[in-house]
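Counting starts at 1 for both ligands and their atoms, in listed order.
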Amino acid sequence: MRVNLQKAIAKLKNGEVVAIPTETVYGLAADATNDDALRQIYAIKQRPMDNPLIVHIGDSSQVTAWAAEFSPTAQKLAAAFWPGPLTLVLPAKNSVSQIVRANQPTVALRVPAHPLALRLLKESGLALAAPSANKFTQLSPTTPAHVTAGLGEDIAVLDGGACEVGIESTIVSVINNANGDHWQLLRQGMISEAAIERIAGKAATALSQPIKAPGQHALHYSPRTPTRLFTNRGALIAQANTHCAALLIGEGAQPNCPVFKLNKNVADVARQLYDTLHKMDALGADLLLIEAPPNAPEWLAILDRLTRAAS
Ligand code: TXA
Ligand code: MG
């Protein structure tokens, strides 16, 4: 069910969940201070309660309402990349719901760069917990139609069009110790590790006890159809038959099956990736054959999603 901005705000204030657009993927949003509303997110997604949620805020002045520390490196990253596809995992204030942070000592925060999401955050005055609006382990949604196909017609969806970035945010944790603050990359995204390092002014730290993003299950972002990843076009073609469908990145020889071709541009592939996988999944093929992207740093986030899709 589609809802407009005013209806979305009313529902969220009333403790209901609403699927909302962001620049990365659609999120299944609820008031991040309302535990009953947060529980609905986990229930609808069938998500384990030990997998914490990202809290979306309207601007960086709200960080200190959630985080116990907003250290210099975290401030630099926020100034450089917000609004945008970066999530910062920071030490949580005691007041932060144990449900939203799944009993972690930290909280994940992000200012999304989608005009409608920002209006929603600003006009409602709420902070919104929002994981991707898909069932646990399934493909993330980048259009309202994907949300409805995955979660059903009864879910309220605020329509903000197709997502511009197309894959989930880069997640960086920043913690302080006696030697200053340290950052670690918890999830690859379209903001690269090199870009984070440039703004932070220092490399990621290998901590003795790395903080893990608890949601990084190997099986994730998965089509329902069995999926295989190939680092070599020839091997993919050799595997193909008419019951397969193939996703190719760039020009070249084609297999004997339905083909979905993306041009070899990282931002274009990211924007179209989930929509293409949703379409391939709907074909009723026996097997999806996917060509791995080039082996280069700027493709790591895409490779991460495709590796999980095929695991
Ligand atoms: O682009 C995105 O990040 C999208 C949009 C909707 O903002 N959201 C998203 O949420 O991808 P989700 O729940 O699908 O993935 C969030 C990831 C999970 O792997 C979760 O474990 C991790 O963030 N995370 C959340 N809070 C954390 C915390 N306190 N410490 C470590 N990891 C955390
Ligand atoms: Mg997700």
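- Tested against Asn256 for a side-chain contact (heavy atoms from CB on, under 4.5 Å), the candidates Thr242, Ile237, Asn241 yield a single pass: Thr242.
- Using a 4.0 Å cut-off between a side-chain N of Lys or Arg and a carboxylate O of Asp or Glu, Arg110 and Glu168 do not qualify as a salt bridge.
- Residue side and main chain included, Ser132 places an N/O/S atom under 2.8 Å of the Mg ion (ligand 2).
- Ala130 counts as a contact of ligand 1, since one of its heavy atoms falls under 4.0 Å from the ligand.
- For atom 15 (O) of ligand 1, the nearest non-hydrogen atom from the set His56, Arg187, Met190 comes from Arg187.
- Set against the non-hydrogen atoms of Ile54, the atoms of ligand 1 under 4.0 Å away are 3 (O), 8 (N), 9 (C), 10 (O), 16 (C).
- Using modelled atom types, one finds no donor on one side chain facing an acceptor on the other under 3.5 Å when comparing Thr142 with Asp275.
- More than 12 heavy atoms of other shown residues, nucleotides or ligands fall within 6.0 angstrom of atom CD in Gln75.
- Between Arg110 and ligand 1 there is a heavy-atom distance shorter than 4.0 Å.
- Using a 3.5 Å distance cut-off with no hydrogens or angles, the side chains of Thr73 and Asp181 do pair a donor with an acceptor.
- An N or O contact shorter than 3.5 Å links Arg47 to ligand 1 by distance.
- Side-chain polar atoms of Gln6 and Asn4 form no donor-acceptor pair below 3.5 angstrom.
- Which parts of ligand 1 touch Ser169 is read off a 4.0 Å heavy-atom cut-off, strictly below it: atoms 1 (O), 2 (C), 3 (O).
- Evaluated by nearest non-hydrogen atom to atom 18 (C) of ligand 1, the leading choice among Thr106, Val107, Asn51 is Asn51.
- Remark: Lys261 engages Glu251 in a salt bridge, criterion side-chain N to carboxylate O under 4.0 Å.
- Between the side chains of Asp304 and Gln188, no donor N or O sits under 3.5 Å from an acceptor N or O.
- The heavy atom nearest to atom 4 (C) of ligand 1, out of those in Ile171, Asn103, Val25, is found in Val25.
- With ligand atoms numbered from 1 in the order given, ligand 1 contributes 25 (C), 26 (N), 27 (C) to contacts under 4.0 Å with heavy atoms of Ala108.
- When heavy-atom distances to ligand 1 are checked against a 4.0 Å cut-off, Lys45 has no atom that comes that close, whether in backbone or side chain.
- Listed by number with element, the atoms of ligand 1 under 4.0 Å from a non-hydrogen atom of Thr24 are 1 (O), 2 (C), 4 (C), 5 (C).
- Nearest to atom 14 (O) of ligand 1 by heavy atom, out of Ser132, Ala19, Pro48, is Ser132.
- Judged by distance alone, the side chains of Ser169 and Thr87 do bring a donor and an acceptor atom under 3.5 Å apart.
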